[in-house]
There are 2 protein chains.
Amino acid sequence: MRSDTRAGRLPDPPSPIADDGDAVRFCRTCAFAGACLAVGYGKPELEALHCLVEHVGPYRPGDHVFRTGDPFRAIFAVRAGTVKTSLVDRDGREQVLGFYLPGEVIGLNAIYPEQFPCDAIALENAQFCRFSFPAMSALATRMPAVQQHLFRLLSKELGTASLLAGDHSADERVAAFLCDLGERYAARGFSGTRFALSMSRGDIANYLRLASETVSRVLTRFRSQGLIALEGRQVELCDPQGLRRIGESLLSG
Amino acid sequence: MRSDTRAGRLPDPPSPIADDGDAVRFCRTCAFAGACLAVGYGKPELEALHCLVEHVGPYRPGDHVFRTGDPFRAIFAVRAGTVKTSLVDRDGREQVLGFYLPGEVIGLNAIYPEQFPCDAIALENAQFCRFSFPAMSALATRMPAVQQHLFRLLSKELGTASLLAGDHSADERVAAFLCDLGERYAARGFSGTRFALSMSRGDIANYLRLASETVSRVLTRFRSQGLIALEGRQVELCDPQGLRRIGESLLSG
DNA sequence: CCCGCTTCTTGATCAGGATCATTCCGGAAG
DNA sequence: CTTCCGGAATGATCCTGATCAAGAAGCGGG
């Protein structure tokens with residue numbers, strides 16, 4: 001599993017960490033870092049965490065990590081790659097709920113219904129840490145730090161979910177989307193101004209509740225205004241300040 | 001506090017419970033019922049719950065229960081009345097995040113930022129159970145049922161938050177809004193087909209990301225189609241099935 | 001290298017809902 | 001009763017972004 005045949009020369013230097021051997025380095029950027037590090041490496045509690053973590057993957061682009069209706073047993077931290085979550089209503093229309101980068105957690109919205117309310121689909125080759133939820137909440141009972149962490153993760157996601165709901169112009173949405181992605185990449189140790197959009201224009205549009213044509217147009221205009229540089233799915237935020245100003249109503253208040 | 005001068009003859013027979021004396025009856029419909037009842041009345045654990053619950057109120061229409069930026073110390077279960085939560089962006093535009101009926105819980109989205117990210121404003125005379133959050137999470141550590149309950153509440157709210165985000169027509173939004181309110185009233189023991197809208201058309205519109213004129217027009221049309229009866233803020237769902245059909249894309253998938 | 005597919009871009013037109021403006025209604029105060 | 005005022009209903013117009021349509025560009029496979 002260390003080095004497989006697909007180890008070609010992918011042109012992504014700021015690529016997500018896919019190195020299974022470097023658990024410590026990965027864990028520092030993971031959303032569970034707070035919980036994991038709180039217990040301290042070497043202590044017996046860490047054993048408990050390790051017992052309930054299971055590395056799964058790799059998944060290839062388009063693979064499902066879980067599907068709508070699957071019984072809820074675990075949450076997943078993204079180790080490598082990117083994932084989108086989406087739901088499909090009965091007339092078959094897809095609805096993208098979110099994109100998740102390395103270090104972020106998916107599956108939290110399945111706790112209440114006790115089954116996954118959405119699909120999770122890998123956008124790139126992806127790997128995960130799988131946390132058994134029953135084991136996790138049992139652990140949380142014994143370790144306040146873990147419980148606190150779960151509460152925070154849930155509450156945080158709650159905050160971001162309500163942002164998309166506002167009525168905002170296409171410009172605001174796209175600008176905020178780019179800023180948000182940049183900040184999240186930066187928080188995980190990648191470049192926050194230069195990265196690849198791992199999702200299609202259609203997925204972006206769907207997520208932002210716009211038509212893909214509109215996304216194209218806005219991106220093109222942003223480029224002509226010097227706010228971004230764009231080449232296929234590679235994007236550079238040339239004027240993060242300006243973008244932030246445009247999207248600010250979605251970003252902080 | 002029991003009977004003050006404003007005890008006029010308000011025409012709302014299906015009024016929320018405002019009777020301080022009937023704790024048991026109220027608690028059965030409260031969102032914490034599962035947690036509270038799980039420990040069983042009379043057991044020592046109940047003492048713990050009672051210690052961290054504090055009844056607050058009454059608040060008058062327009063009063064703030066908490067404000068954006070207030071330090072987060074507690075979550076609130078609505079005992080009586082209705083509340084809206086909303087945030088105000090820097091250009092002063094209000095954004096209604098949700099309406100909360102008796103038995104529902106507000107403040108969960110403050111856990112992560114550790115301060116309230118929104119205002120909570122009473123729409124009617126309102127009272128609350130205030131749960132100290134540090135005490136609550138300490139209790140959750142000792143009582144898995146409470147912890148489980150908090151996780152579920154958070155996860156549930158996460159689910160509803162993502163529904164509004166979809167791109168839906170004005171008709172769908174209004175129909176789903178009415179159905180949702182009805183179902184929530186029904187779940188708390190009130191009539192699910194005949195109730196008063198405690199919020200203004202403007203608030204509804206804001207919540208649904210529509211203009212208030214649009215809400216007016218849709219309601220008028222629904223009435224002329226026989227889907228609802230409407231008189232001021234009193235509404236009756238004459239054809240809940242039909243409404244549900246219209247709004248179904250927002251209601252379950 | 002060409003083919004066929006998907007994704008992306010760009011243009012032209014259309015429509016749903018926002019906005020502006022006016023009127024109507026119901027309750028509170030005088 | 002009249003006046004006043006905010007919320008609500010209704011009409012007229014405008015604008016953003018969706019939709020329809022067509023072409024360009026990337027990409028994997030033969």
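Chain A is the first sequence line, chain B the second, and so forth, proteins listed ahead of strands; every chain is numbered from 1.
- Between the side chain of A/Arg217 and the base of D/dT19, a donor-acceptor pair under 3.5 Å is found.
- Within the 4.0 angstrom heavy-atom criterion, no nucleotide atom of any strand lies near A/Ser212.
- Atom CZ of B/Arg233 is surrounded by more than 12 heavy atoms from other residues, nucleotides or ligands within 6.0 Å.
- For the pair A/Val235/A/Leu219, no side-chain contact is recorded, criterion being any heavy-atom separation below 4.5 Å from C-beta on.
- In this structure, A/Arg221 atom CZ and D/dG17 atom C1' are separated by 11 Å, rounded to whole Å.
- Per the geometry, NE2 belonging to A/His168 stands 17 Å off P belonging to D/dT16, to the nearest Å.
- Proximity of the aromatic rings of A/Phe72 and A/Phe66 is defined here by a centroid distance below 6.0 angstrom, and this criterion is not met.
- C/dT22 atom P lies 14 Å from atom CD of B/Glu213, rounded to whole Å.
- Remark: P of D/dA8 and CG of B/Leu219 are 10 Å apart, rounded to the nearest angstrom.
- Rounded to an integer number of Å, the gap from CG of A/Leu230 to P of C/dT9 is 6 Å.
- For the pair A/Arg201 and C/dT6, the criterion of a side-chain N or O lying under 4.0 Å from OP1 or OP2 is not met.
- No salt bridge links A/Lys156 with A/Glu104; every basic N to acidic carboxylate O contact stays at or beyond 4.0 Å.
- For A/Arg233, taking side-chain heavy atoms from C-beta onward, the closest of the listed nucleotides D/dA9, D/dG7, C/dT7 is C/dT7.
- Rounded to an integer number of Å, the gap from CG of A/Leu197 to C1' of C/dC8 is 13 Å.
- A/Arg209 comes within 4.0 angstrom of the backbone, heavy atoms only, and of no base.
- D/dA18 atom P lies 10 Å from atom CG of A/Leu208, rounded to whole Å.
- Of the side-chain N and O atoms in B/Ser200, none sit less than 4.0 angstrom from OP1 or OP2 of D/dG6.
- Proximity of the aromatic rings of B/Phe99 and B/Tyr207 is defined here by a centroid distance below 6.0 angstrom, and this criterion is met.
- Backbone-only engagement by A/Gly202 is indicated by non-hydrogen atom pairs under 4.0 Å involving sugar-phosphate atoms exclusively.
- Positionally, the nearest nucleotide of DNA chain C for A/Asp203 lies more toward the 5' end than for the other of A/Asp203 and A/Asp167.
- Using a 4.0 Å heavy-atom criterion, one finds that B/Ala170 contacts the sugar-phosphate atoms exclusively.
- Atom-to-atom, CD1 of A/Ile204 to P of C/dT7 comes out at 13 Å; the value is rounded to the nearest Å.
- Residue A/Thr220 places no side-chain N or O under 4.0 Å from the OP1 or OP2 atom of C/dT9.
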